[in-house]
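Here is the structure we will look at.
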Amino acid sequence: MSKRCALAASAGLLVLLTVSAPASAQRRDWDLQEQQRYENCLGLIETDPDLAYETAIAWQFESGGPPARHCVASALIALGQYEEGAARLESAAA
């Protein structure tokens, strides 16, 4: 391998590492934000299940995924809607 090829390969690796690092950091930040959102939603169920349900539904439509679906189901159960909550828990578990 020539020096020019070695330098080009090194420069390419450096660019790749530089681009990947912020993406990884952003992913970690996003994961932490989602974890906090999930914990907040579950905590809200204890104090205001109606608001928890509304918040979780909005989150679910924002691509909240399984944590949002779990919070929706849990809020429904807290609101006394046991059958719907159980059905949603089963759906979230699938």
Item to check | H70 side chain reached by P67 side chain, heavy atoms, under 4.5 Å | outcome: no
Item to check | Heavy atoms of other groups near E46 CD, more than 12 under 6.0 Å | outcome: no
Next on the checklist: For a quick test of reading the model, state the closest non-hydrogen atom pair linking L79 to P49 and the distance between them.
Outcome noted: CD2-CB, 3.7 Å
Next on the checklist: Less than 3.5 Å apart, any donor N or O on the side chain of Q36 or N40 sitting next to an acceptor on the other?
Outcome noted: yes
Checklist entry - I77 and Y53: same hydrophobic cluster, using ILVMFWY side-chain contacts below 4.5 Å? => result no
Checklist entry - Of all heavy-atom pairs between A56 and V72, which one has the smallest distance, and what is that distance? => result CB-CG2, 3.4 Å
Checklist entry - Roughly how far, to the nearest 0.5 Å, is the CD atom of E34 from the SG atom of C41? => result 11.0 Å
Next on the checklist: In this structure, would W59 and L32 fall into the same cluster of hydrophobic residues linked by side-chain contacts under 4.5 Å?
Outcome noted: no
Checklist entry - Nearest 0.5 Å, what's the CG-CZ distance between L42 and R37? => result 13.0 Å
Next on the checklist: Restricting to non-hydrogen atoms, name the atom on I45 and the atom on A75 that form the minimum distance, rounded to 0.1 Å.
Outcome noted: CD1-N, 3.7 Å
